[in-house]
Amino acid sequence: MINKFMKAAILEANKSYQLREVPVGAVIVKDDQIIGRGFNQKEATNDVTAHAEIMAIKEACKTLGSWRLDDCSIYVTLEPCPMCAGAILEARIKRVYIGTESDKSGAAGTVINLLNNPDLGSKTEVYFGIMEDECKMLLENFFKTLRE
């Protein structure tokens, strides 16, 4: 099941890729059903908050009719940044499945750890390396094409 949902997040990331955006995708799952999808579109929308996780959270909240995403999981191709990690905490998402680390802004433990920070009272379950090769390759291909 985990790979099934990460594959859905990768499909979302490909939408970003097609828009020439950094290819990041996310899906939110509750009771084995996808309730929110998102892909990075901050360039297309000129909205700094239009990250994949934020878009997926907004859709999931609309689907459930609540900002509380208790007992939900988010699958994201790239480790969340501090803004997205904060939104994950605020939405009370229980589990975060991550494709690959972000050496520049990872807020699930790579650069800082907001998702498991005792000072914030956060106890989110975090799992790294879900379909890591596929997620890394998508990012590497994007930046290679960008440089060419």
Student: Is L114 reachable from I54 through a run of I, L, V, M, F, W or Y residues, each pair having side-chain heavy atoms under 4.5 Å apart?
Tutor: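 No, it is not one cluster - the side chains of I54 and L114 are not joined through contacts under 4.5 Å.
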Student: Once ring-ring contact (aromatic ring centres under 6.0 Å, His included) is applied, what residue pairs with a partner in residues 29-66 remain, sequence neighbours excluded?
Tutor: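 Residue pairs passing ring-ring contact (aromatic ring centres under 6.0 Å, His included), neighbours aside: none found.
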Student: Quick check: do S105 and V111 have side-chain heavy atoms less than 4.5 Å from each other?
Tutor: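 S105 does not reach V111 side chain to side chain.
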Student: Please name the pair of heavy atoms, one in D47 and one in K42, separated by the smallest distance, quoted to 0.1 Å.
Tutor: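 In terms of heavy atoms, the two residues are closest at O-CB, 2.9 Å.
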Student: May I have all residue pairs that pass salt bridge (Lys or Arg N to Asp or Glu O under 4.0 Å) and include part of residues 96-106, sequence neighbours excluded?
Tutor: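 Every pair satisfying salt bridge (Lys or Arg N to Asp or Glu O under 4.0 Å) with a residue in residues 96-106: there are none.
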Student: Under a 4.5 Å side-chain heavy-atom rule over Ile, Leu, Val, Met, Phe, Trp and Tyr, are I130 and M137 clustered together?
Tutor: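 Per the 4.5 Å side-chain linkage, I130 and M137 are not co-clustered.
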Student: I want to check something: taking the side chain as every heavy atom from C-beta on, are I57 and W67 in contact at a cut-off of under 4.5 Å?
Tutor: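 Side-chain contact under 4.5 Å: no.
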Student: Search all heavy atoms of Y75 against all heavy atoms of I2 and return the closest pair with its distance.
Tutor: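 Scanning both residues completely, I find the closest heavy atoms to be CE2-O, 3.7 Å.
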Student: Listing request: all salt bridge (Lys or Arg N to Asp or Glu O under 4.0 Å) pairs with a residue in residues 20-34, at least two apart in sequence or in separate chains.
Tutor: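 Not a single pair qualifies under salt bridge (Lys or Arg N to Asp or Glu O under 4.0 Å).
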Student: Going from CG on L11 to CE on M6, what distance comes out if it is rounded to the nearest 0.5 angstrom?
Tutor: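 The CG atom of L11 sits 12.0 Å away from the CE atom of M6.
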Student: Just to verify, what does K7 make a salt bridge (Lys or Arg N to Asp or Glu O under 4.0 Å) with, not counting sequence neighbours?
Tutor: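 Result, salt bridge (Lys or Arg N to Asp or Glu O under 4.0 Å) vs K7: none returned.
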Student: Which residue pairs pass the side-chain hydrogen bond (donor to acceptor under 3.5 Å, both in side chains) test when at least one of the two sits in residues 110-121, sequence neighbours left out?
Tutor: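 Sorted result for residues 110-121: E79-T110.
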Student: I need the I34 CD1 to T63 OG1 distance, nearest 0.5 Å.
Tutor: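 Output value for this atom pair is 11.0 Å.
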Student: Could E132 and K136 be called an ion pair, given the rule that one side-chain N must be under 4.0 Å from one carboxylate O?
Tutor: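 Salt bridge flag = yes for K136 with E132.
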Student: Answer with yes or no whether the hydrophobic clustering places L146 together with L19; edges join I, L, V, M, F, W, Y residues whose side-chain heavy atoms lie under 4.5 Å apart.
Tutor: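 Shared cluster, no.
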Student: Answer yes or no: is there a donor N or O on one side and an acceptor on the other, between the side chain of Q41 and the main chain of A50, under 3.5 Å?
Tutor: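 Absent.
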Student: Which of parallel (below 30°), tilted (30 to 60°) and perpendicular (above 60°) describes F142 and Y17?
Tutor: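 Ring orientation, 0 to 90° scale: perpendicular.
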Student: Identify whether M55 and V48 are in the same connected component of the hydrophobic contact network (ILVMFWY, side-chain heavy atoms under 4.5 Å).
Tutor: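 Different hydrophobic clusters.
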Student: Let me check something: any side-chain donor-acceptor pairs from residues 81-93 under 3.5 Å, sequence neighbours excluded? List them with distances.
Tutor:
none

Student: Which pair of heavy atoms, one from I28 and one from C72, lies closest together, and at what distance?
Tutor: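 That closest heavy-atom pairing would be CG2-CB, 3.9 Å.
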Student: Quick one: does any side-chain atom of N40 pair with a main-chain N or O of S16 as donor and acceptor, under 3.5 Å?
Tutor: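 Checking the backbone N and O of S16 against the side chain of N40, no donor-acceptor pair under 3.5 Å is found.
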Student: Over all heavy atoms of both residues, which pair between E134 and I10 is shortest? Give the atoms and the distance, please.
Tutor: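 For E134 and I10, the tightest heavy-atom pair comes out as CB-CD1, 3.9 Å.
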Student: Passes side-chain contact (heavy atoms from CB on, under 4.5 Å), K123 versus L115? Steps please.
Tutor: CA-CA 7 Å; K123 297 176 191 150; L115 295 178; over 6 Å; no
Student: Taking all non-hydrogen atoms of both residues into account, name the closest pair between T77 and V24 and its distance.
Tutor: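 Looking at all heavy atoms of both residues, the closest pair is OG1-CA, 3.4 Å.
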Student: Which atom pair, heavy atoms only, marks the closest approach of C135 to G99?
Tutor: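 Of all heavy-atom pairs spanning C135 and G99, the closest is SG-CA, 3.7 Å.
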Student: Under a 4.0 Å N-O cut-off, is there an ion pair linking K15 with E12?
Tutor: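 Yes, charged N to carboxylate O under 4.0 Å.
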